[in-house]
Amino acid sequence: MAETEKTSIVVFSGDMDKVFAAFIIATGCAAAGMYTTLFFTFWGLNAIKTGAPIKAKGFLGKMMGIMNRGGINRLNPSRFSFGGIGRILFSKMMSDKNVAPLEELRQTCIDLDVHMLACKMSMDMMEITRDDLIPEIEDIAGVATFIKEAANSKIQLFI
Amino acid sequence: MAETEKTSIVVFSGDMDKVFAAFIIATGCAAAGMYTTLFFTFWGLNAIKTGAPIKAKGFLGKMMGIMNRGGINRLNPSRFSFGGIGRILFSKMMSDKNVAPLEELRQTCIDLDVHMLACKMSMDMMEITRDDLIPEIEDIAGVATFIKEAANSKIQLFI
Amino acid sequence: MAETEKTSIVVFSGDMDKVFAAFIIATGCAAAGMYTTLFFTFWGLNAIKTGAPIKAKGFLGKMMGIMNRGGINRLNPSRFSFGGIGRILFSKMMSDKNVAPLEELRQTCIDLDVHMLACKMSMDMMEITRDDLIPEIEDIAGVATFIKEAANSKIQLFI
């Protein structure tokens, strides 16, 4: 594969299993030499939060800050969430099978130079600031940035 | 970007937040000069209904007509729906941040010449007729139409 | 369309309606002469299980084996599942409208030479073996195989 080939993935979901899929595909693309971009928006922003409490002013911003407290290690799977038990079971199942936990997979993305962008509009709506996100986020960007990348990509996915 | 570049998006979801994402990406693509097509199928059809009561004959058609009454302004978010409260909170949050409501975003799509197609097979299954949909829908189409568009598109997404 | 054009679809979801959408798009692409690949991962694996009881050793493997018993005919829709009633209603609605049931659609995919791959990592995690899957599955593959296919495809979707 030529080094200039690109992959652009919208990470809209904040479900543990879907974020997992996004990171696996992203590391796979990066390992294959592709220029890979993850564009985190809406619930997907939970995968790149530091996990520290969020100081939102609005009611829903506060509520989501509380319900999404803890960052990437507190994401629930899209099925079998059982009030948090599903997450623990999944984590155990992953470690039993020597599958890297989400935080480690995210670090692998970073190590492989996967480009991580956060969606400006979603951050504004949810009252999430730059300081609430991990420092490795390359940029806060609008949808136009994503579209420009995606239109020049071999692979585009919405997860 | 050349004006002949295309984007094709399947809008399968009827979740408020995902329809929102679809409209934002579509307006972004159209604003960038791309020929943009939204193919509404399954639950996504709720985003292009007029909101008037649907006269389905079958039991499930009736049930879905009732549960999906009200058109685009009654879509619930994929999280925090809370029996309709989530929708109201989201709408408030969006207006607080000067984000256009869904109906206005749909109008922007129309104004920017985003091509809106409705899936024939889903309409048949759910007993939705042309009259149940907003007049701006360009065509009722089969999956073959979507595939032909998608295969010639720079960007294809399934939302 | 040239015969060498390709479509690659990740079937991540195990929801009846989304698997349905994946099969419809796949048959459409295959019918249009495209080389079409379905890459089943996570919950999507339920769509290609034989339906026989799964002999997982781990707790979550066992639990998922039980909850996902029955194979493709036991998938629930993403909405209106109602503890299994939604599935029955959907099936009835589909047969009323002469829409093929999922199992028949899957067979059509096979007849049209849609290439079906199962994700190795998901199978390991969920303790699913080759014998748990229908014999028509062409291969057990890693994410690298999918990425290679997808990068050479006109259409890529994540469902």
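Owing to the predicted nature of the structure, the values given are computational and were not obtained by experimental measurement. So that the names make sense, note that chain A is the first sequence line, chain B the second, and so on, each numbered from 1. Quick note: numbers below take in every heavy atom, side chains included, and nothing from hydrogens, waters or symmetry partners.
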Check your understanding: Just wondering, do Ser78(B) and Trp43(A) contact through their side chains at under 4.5 Å, heavy atoms?
Key -> yes
Nearest heavy-atom approach of Gln156(A) to Ile155(B) is OE1-CA, 3.4 Å
Among residues 104-112 of chain A, those lying within the under-4.5 Å heavy-atom range of chain B are none
Applying a strict 4.5 Å limit to non-hydrogen atoms, the region of Ala150(A) in contact with chain B is both
Taking every heavy atom of Ile25(B) against every heavy atom of Ile147(A), the minimum-distance pair comes out as O-CD1, 3.6 Å
Under 4.5 Å to a heavy atom of chain A? For Lys154(B) that would be both
Residues pairing under ring-ring contact (aromatic ring centres under 6.0 Å, His included) where one sits in residues 130-159 of chain A, two or more places apart or in two chains, turn out to be Phe12(A)-Phe158(A), Phe39(A)-Phe146(A)
Applying a strict 4.5 Å limit to non-hydrogen atoms, the region of Asp17(B) in contact with chain A is both
CD1 of Ile9(A) to CG of Leu157(B), rounded to nearest 0.5 Å, is 11.0 Å
Residues passing the ring pair (Phe, Tyr, Trp, His ring centres under 6.0 Å) test with Phe23(B), sequence neighbours excluded, are none
When every non-hydrogen atom of Lys97(B) is compared with those of Met125(A), the smallest separation belongs to CG-CA, 3.9 Å
Contacts satisfying ring-ring contact (aromatic ring centres under 6.0 Å, His included) that involve residues 101-142 of chain B (not counting sequence neighbours) are Tyr35(B)-His115(B)
